[in-house]
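Each remark here refers to the structure printed beneath this line.
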Amino acid sequence: MSCATSPHRDPAIAATAFALWALLALFVLYPLAMLMGRVLFDHGSLSTAGIVTVLTDRHQVQAFWNSLLLAALVGLAGTALGFMFAFTAARARLPRGLLTAMDASVLLPLVSPPFTTAIAMIFSFGPRGLITYHVLGLKGVTVYGLPSTLFSEVLTYFPIAYLTLRPLIAGIDSNIEGMALSLGASRWRVFRTVTLPLCIPGLANAFLLLFAASLADFATPLILGGNQFPVLPTQAYLQITGLYDLRGGAALSFALLVPALVVFVLQRYWVSRRFYVTITGKGAGQTPFDSVSNAMRTALLAACLAVALVIAYFYALLLYASLVVALGANHALTLQHYRVIFTDGLKAIRDTLIIAGLAMPLGGLYGILVGYLVTKKKFIGRRSMELVSMINYALPGTIVGIAYLIAFNDPPIELTGTALIIVACYIFRYGPTGIRATVALLQQIDKSLEEASAGLGAGSGTTFRRITLPLIVPAFFAGLSIVFIRSMTAISATIFLVSVGWTLITVKILENITELSLGPAAAFSVLVVVIVFVVMAAIARLMRVFRAPGAMPVTSLLGG
Amino acid sequence: MNLADDRIGVRVDGVSKRYSHRVKGEHYAARDVRLVVAPGEFLTLLGPSGCGKTTTLRVVAGFEHPDAGRVYFGDQDVTGVPANRRDIGFVFQNYALFPHLSVSDNVAYGLSVRGQPLGTIAKSVGDVLALVGLAGYEQQFPGQLSGGEQQRVALARAIVIRPRVLLFDEPLSNLDAKLRVTMRQEIRELQQRLAITTIYVTHDQEEAMAVSDRIAVMNEGSVVQEGSAQDLYLRPASEFVARFVGRVNLVPARIVAVESDVVAVDALGIVMRVPPGTQRFAAGDRVSLLLRPEAIAIEGDAGAGPIRGTVVSHAFLGEKIDYLVRCGDTLLQVVRYNAGQVQVVADGAAVSLRPALDAATLLAGAPR
């Protein structure tokens, strides 16, 4: 880096910043503007008549409140569950093997296609469900509605809370707890008056992240919500694909925008600034204080194990369902479903891999470029670039998908039906994770490293190439992993963007479910999980090769 | 590695640097700083935190651009020259070792940036690592080294490029007390051997006195006094320097008479005759009498010292004993060095004190 106060400008930086602004304008601001235009204007004149009809419809108002209710419940239950897991992992003195097993089972939902828990719910609790029908012998049960949607979403999203809370709890200096104990407090009192209060900002943060995730979730309520429990994302989708009412769908997605933005702003600019300083340092914990009694430890462990078992059971069920003729009716082993997905579904698999393969490196590159520019360089519009780059990430996928659909359907920029529109959607929607990883890493790299390089005679280009770049390589890989995982598993935005020419596995899964071909749906889901795991393992290996020995690791980013 | 032939001096000419601060508003980190460092000289900038010493050093390095003033290396005006073209060796407080490069790659970095052939680089790196006592550490990474070893790598990396000017920014403050003493001797010996013009920043007056040819004391952005360690200690020009360099008793006094080679002052209830120093005084002036704690002899009640006092407290520190003695309204620090058998004077005991007046100095104005 040239020194921040030195007056000369770098033309390469200016050109990069300009190019990024052009891309952000095209793929973030323009679609959003077009969405607003479509909602507010009708044939060129300002008109709210159409939207008011849609938004005051009793059914849609119900959907709005349902969305908020579901999100709040998922936020509460998921945070509680995540906290229990995080506290157990950080404080219950678990053996290493058990910890790894717990991590693995908890992370499964985060790398799965969106319908997996929903399908497993139907297999277990549906009319012919393994548990409801075969084990309990109940007849005519319905799995659809709030309870099953809530259950499924909590299982899918609580790992986010776990991932954000665990480093926080582990980072609390256990000497603080030991101090409270030495002053005569009981363990429970220490937990209640010291540990828990220190976690409150983290809990609020986790709640908001889960609230946002549930608010934006499209796949689970689509499968499990049923008619009794409509929510906004699914209503917007049905308005567009069922009633061919693009404007109404846009208006519904717009109603989602307000709570989503409120939550995003609260999370980024309010809660995240309230973390206590004492817990940002590294934990002293060489000799962790005994913060849980043995009985409590056993209870916590049992509870976590039970949840992990439910998850493991769901995934085992999915695998089993993909290998039998028809789960619940005919349990003869067969590879027929895999034959189907590798013949009829082959195009979707190929398309998805091509799109994910393109989005992955580009998204990784986008992440470190924006991250580097906004942290290390001074140029006009730096702060707003950081903000704009986060928009597509913060908005529910339904809004982004509909905005892209409106913006790129007609000239001047007609992209509908191409792979490019899906790739662009993934880059600008999931690349921001890489931006945040890059920013976090760069903030840990002391300014003096770049000054030392300059002092030894290196120009700003050499310094970037030989010092900064090797140190942010982990962020590059972290960013591209997330883009890949999401490209394989996302549906909420891209369901509006698929076409005859380019389709996606997740969309195929949805089609299979609606046609009640649950076998191929299960087979597809298993395939996605396998591909994601194989690619993640490959990236992890690559990272070991490329990661410079002194580079700082990136903490898991799946937590959002 | 003797650079004696192309040694150059450094001149800092009226450098100012302003910052806007959230609480203090616009303020000067450095204000019209003027320094001349002779070729091969070791100059230390000494001062409390926030006095502008690091800012001045960073301006010399080219990491900061001054708002006013010029910097010269020899005859060359380098004010507009970026840091990477100044040929400096900079040692950072946190060492700033590249964490992803091995020790030898860290040291080789500056040479490879200069496009030197690999064979030459390997030879220079080997030589300089041997020089700082790190032969055999080539393939280690910074994270595997102790603080002292990291410090040596930082030093090797700075000197291997044969810089025109060597700059140190509080290089020892992250080391423990014993290692600090060893390292400062090594730095001094290395600088003497290489004879590179050096500017060194520290807030530790003992460190400054141990390594420097000359010390510039800074306060509130300006250089307040320059000189050798002896000059600063024995003839401080201001109360700030007197208090910052070493421990001192500043006793309120009044001039009784001014003679040609001696000044008579009234302090601690008696009249003392002290050397006139550089400042001019007239009878009746209020002044501060500067007495170093070790320049006051302390004896028991029966002693013949002209000043009477009572021991308030004492601390036995091994090679010396620190006393705090009350004389009227004034508290005096007195040090008694141990030479063999010592008799510790108990708290509350009456004592007599005898100041060594030829080591005393006068400063204008009553002490603050």
Side-chain angles (χ1 to χ4, degrees), chain A residues 1-13 282 368 376-378 438 440-477 542-554, chain B residues 17-19 55 58-67 79-103 105-116 139-145 153-154 157-161 163 165-167 169:
Chain A
M1 182 187 81
S2 61
C3 171
T5 51
S6 73
H8 60 262
R9 288 188 185 281
D10 195 331
I13 297 300
K282 54 182 151 184
I368 58 166
K376 288 285 180 183
K377 295 294 164 187
K378 288 194 167 156
T438 309
L441 267 192
L442 283 173
Q443 283 170 345
Q444 291 176 58
I445 300 175
D446 198 279
K447 177 175 78 152
S448 63
L449 281 189
E450 287 167 334
E451 286 174 353
S453 173
L456 292 166
S460 72
T462 310
T463 301
F464 179 74
R465 190 166 47 80
R466 295 184 55 174
I467 305 301
T468 316
L469 197 59
L471 293 174
I472 57 176
V473 158
F476 174 69
F477 281 109
L542 255 184
M543 260 179 95
R544 269 200 292 280
V545 176
F546 276 104
R547 198 183 133 205
M552 282 149 284
V554 177
Chain B
K17 178 82 187 166
R18 274 190 313 272
Y19 283 108
T55 303
R58 290 171 59 82
V59 167
V60 173
F63 296 142
E64 311 273 355
H65 196 82
D67 295 321
T79 316
V81 178
N84 57 4
R85 304 205 190 288
R86 286 196 188 186
D87 260 337
I88 49 161
F90 199 103
V91 180
F92 290 85
Q93 180 171 4
N94 64 357
Y95 318 137
L97 298 182
F98 306 129
H100 59 301
L101 299 182
S102 66
V103 166
D105 287 344
N106 259 285
V107 177
Y109 187 85
L111 299 174
S112 111
V113 163
R114 283 165 172 71
Q116 292 199 5
Q139 296 317 313
Q140 303 272 301
F141 281 86
Q144 301 168 303
L145 303 180
V153 177
R157 188 178 66 177
I159 60 176
V160 75
I161 59 171
V165 178
L166 197 49
L167 305 170
D169 184 11

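Heavy atoms only: backbone and side chains are in, while hydrogens, waters and symmetry mates are out. Numbers restart at 1 for each chain; the letters A, B, ... are given by sequence-line order, proteins then strands.
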Which answer fits [X], side chain, backbone, both or neither, if we ask what part of it has an atom under 4.5 Å from a heavy atom of chain A?
X: B:Leu97; result: backbone
X: B:Ile88; result: both
X: B:Phe98; result: both

Residue selection (most heavy-atom pairs with chain A, distance under 4.5 Å) from B:Ala96, B:Pro142, B:Ala61: B:Ala96
Between B:Gly89, B:Gly80, B:Ser102, B:Ser112, the one whose heavy-atom pairs under 4.5 Å with chain A are most numerous: B:Ser112
Shortest non-hydrogen separation from B:Tyr109 to A:Leu456 and the atoms involved: CD2-CD1, 3.9 Å
For the student: nearest non-hydrogen atoms of B:Arg157 and A:Ala452, plus distance: NH2-CB, 3.5 Å
Qualifying residues under side chain to side chain donor-acceptor pair (under 3.5 Å), relative to B:Arg85, sequence neighbours excluded: none
For A:Ser448, all residues meeting side chain to side chain donor-acceptor pair (under 3.5 Å), sequence neighbours excluded: A:Asp446, B:Asn94
Beyond-backbone contact of A:Leu449 with B:Pro99, side-chain heavy atoms, under 4.5 angstrom: yes
Rounded distance [0.5 Å steps], CD1 in A:Ile467 versus NE2 in B:His100: 4.0 Å
Distance (rounded to the nearest 0.5 Å) between B:Phe90 CZ and A:Glu451 CD: 7.0 Å
Any donor-acceptor N/O pair, B:Asn84 side chain to A:Ala454 backbone, under 3.5 Å: no
